[in-house]
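We're numbering straight along the sequence, starting at 1.
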Amino acid sequence: RSHFLTALRTSYSISILLLLLVVMIYGILSRLSRIPHPAAFVLGWSPAFFSAWALLQMLTFIRLLAALAMNKVECFYGELEASGNGMGSSPCLEAQEFAPAAPGHWLHLLREHQKLLRHLKAMSSAISATVLVFQNVVAGSSLLSLWVARAYQKDAVPSTGYVLLAFTMMCSGIFAMLPLAYITDLCQSRRLGRRSLLNLADKYSGWPMSAEVHAEYMRFMQHMNMAEAGVYLPNMGMVTRQSLTNQIMFYVKVLPLALALTLGWWRRG
């Protein structure tokens with residue numbers, strides 16, 4: 001409950017700050033455009049502020065469900081980590097000083113991991129529509145900013161500002177998916193030194209076990225390696241930090257081209 005309330009409070013704080021940031025950006029653009037009445041310019045864009053507020057509420061919903069799913073993953077991580085408490089506190093101990101896990105322990109963890117997979121699947125299905133609407137609104141807002149940059153040929157500075165605003169919007173839509181990527185990475189990341197369920201489970205592979213317990217452990221590891229765990233979205237696939245980084249790098253590569261075209265349009269105008 002405290003985790004849920006913390007995520008709710010943080011999400012609404014971020015949404016209010018982002019809404020104020022949007023108002024400030026439009027105010028700065030009005031000054032750069034040298035519009036006679038900047039307040040009227042901001043007031044004319046006020047309907048977009050309500051859309052931005054609705055967009056931020058979608059973001060809050062995504063963050064809340066991500067926080068609840070992360071709590072489930074953390075609980076399973078803690079249960080898996082506790083498996084080593086009965087096996088000794090240090091891998092440097094001799095084999096006879098270990099207290100191996102009892103038979104059925106790894107099968108219990110296997111069933112718990114299956115429950116976790118069902119929960120993540122249900123959460124992915126619950127937020128898929130919201131994420132799709134969120135991404136479409138972000139993309140539409142970015143295209144609108146690019147259209148304004150194309151239509152406003154009076155000065156290069158505000159046109160460039162609108163291109164940068166579109167770039168910021170697209171990147172913000174990617175950064176909003178980071179809580180979902182953290183869940184996937186905690187479930188199945190294989191990177192050296194990164195905290196994940198797979199790395200933790202693999203830590204017990206060299207610890208002494210009876211033949212029966214070892215067979216259960218191998219069955220558990222086979223399930224962990226075969227079953228993909230994380231947040232899956234139909235339009236994005238499995239959400240990982242690597243996939244989000246690739247999208248950000250794509251926008252960074254496209255940004256100079258968008259700026260060049262915007263300045264070129266201004267010169268032709």
Looking only at heavy atoms, the pair that brings M170 and Y251 closest together is CE-OH, 3.1 Å

With sequence neighbours left out, the residues meeting ring-ring contact (aromatic ring centres under 6.0 Å, His included) with F220 are W106

S128 meets the side-chain contact (heavy atoms from CB on, under 4.5 Å) criterion, sequence neighbours left out, with L233, P234

Applying side-chain contact (heavy atoms from CB on, under 4.5 Å) to S205 and not counting sequence neighbours gives D202, Y217

List the atom pairs, donor and acceptor, that lie under 3.5 Å between side-chain atoms in residues 109-124 and the rest of the protein, sequence neighbours left out.
from, atom 1, to, atom 2, distance (Å)
H113, ND1, H223, NE2, 2.9
S124, OG, L120, O, 2.8
S124, OG, Y232, N, 3.2

Quick one: do L132 and F175 end up in the same hydrophobic cluster if we chain Ile, Leu, Val, Met, Phe, Trp and Tyr together by side-chain heavy atoms under 4.5 Å apart? no

By salt bridge (charged side-chain N to carboxylate O under 4.0 Å, His left out), R219 pairs with (sequence neighbours left out) none

| Taking it one step at a time, do L244 and M236 satisfy side chain to side chain contact (heavy atoms under 4.5 Å, CB included)? | CA-CA 10 Å; L244 298 183; M236 295 182 63; 3.7 Å; yes

The side-chain hydrogen bond (donor to acceptor under 3.5 Å, both in side chains) partners of N136 (sequence neighbours excluded) come to none

In T240, V73, V239, the residue satisfying side chain to side chain contact (heavy atoms under 4.5 Å, CB included) with I183 is V73

Applying side-chain hydrogen bond (donor to acceptor under 3.5 Å, both in side chains) to E212 and not counting sequence neighbours gives none

query = In terms of hydrophobic clustering (I, L, V, M, F, W, Y; side-chain heavy atoms under 4.5 Å; direct or indirect links), are Y77 and L68 co-clustered?
reply = yes

Output for pair (E74 CD, E81 CD), nearest 0.5 Å, gives 9.5 Å

message: Quick check: is L200 connected to L107 through a chain of hydrophobic side chains (ILVMFWY, heavy atoms under 4.5 Å apart)?
response: no

Residues L197 and L80: closest non-hydrogen pair is O-CD2, 3.8 Å

Exercise for review: Decide yes or no for C75 and N71: does some side-chain heavy atom of the first lie under 4.5 Å from some side-chain heavy atom of the second?
Suggested key: yes

The complete set of side-chain hydrogen bond (donor to acceptor under 3.5 Å, both in side chains) pairs with one or both residues in residues 178-188, sequence neighbours excluded, reads D185-R241

Are the side chains of R190 and L198 in contact, using a 4.5 Å heavy-atom criterion? yes

Residue set satisfying side-chain hydrogen bond (donor to acceptor under 3.5 Å, both in side chains) with E228, at least two apart, ordered chain then number -> none

Test item: Q135 and V138 side chains (from C-beta on) under 4.5 Å apart, heavy atoms | no

Those residues at least two apart in sequence (or on a different chain) that pass side-chain contact (heavy atoms from CB on, under 4.5 Å) with R191 are S189, R194

- prompt: Is it true that M238 and I248 fall in one hydrophobic cluster, defined by side-chain heavy atoms closer than 4.5 Å?
  reply: no

- prompt: Do the non-hydrogen side-chain atoms of T245 and I174 ever get within less than 4.5 Å of each other?
  reply: no

Those residues at least two apart in sequence (or on a different chain) that pass side-chain contact (heavy atoms from CB on, under 4.5 Å) with T130 are M58, F61, I62

With sequence neighbours left out, the residues meeting side-chain hydrogen bond (donor to acceptor under 3.5 Å, both in side chains) with E216 are none

Taking R195's backbone N and O only, do any of them form a donor-acceptor pair with N199's side chain (distance below 3.5 Å, no angle check)? no

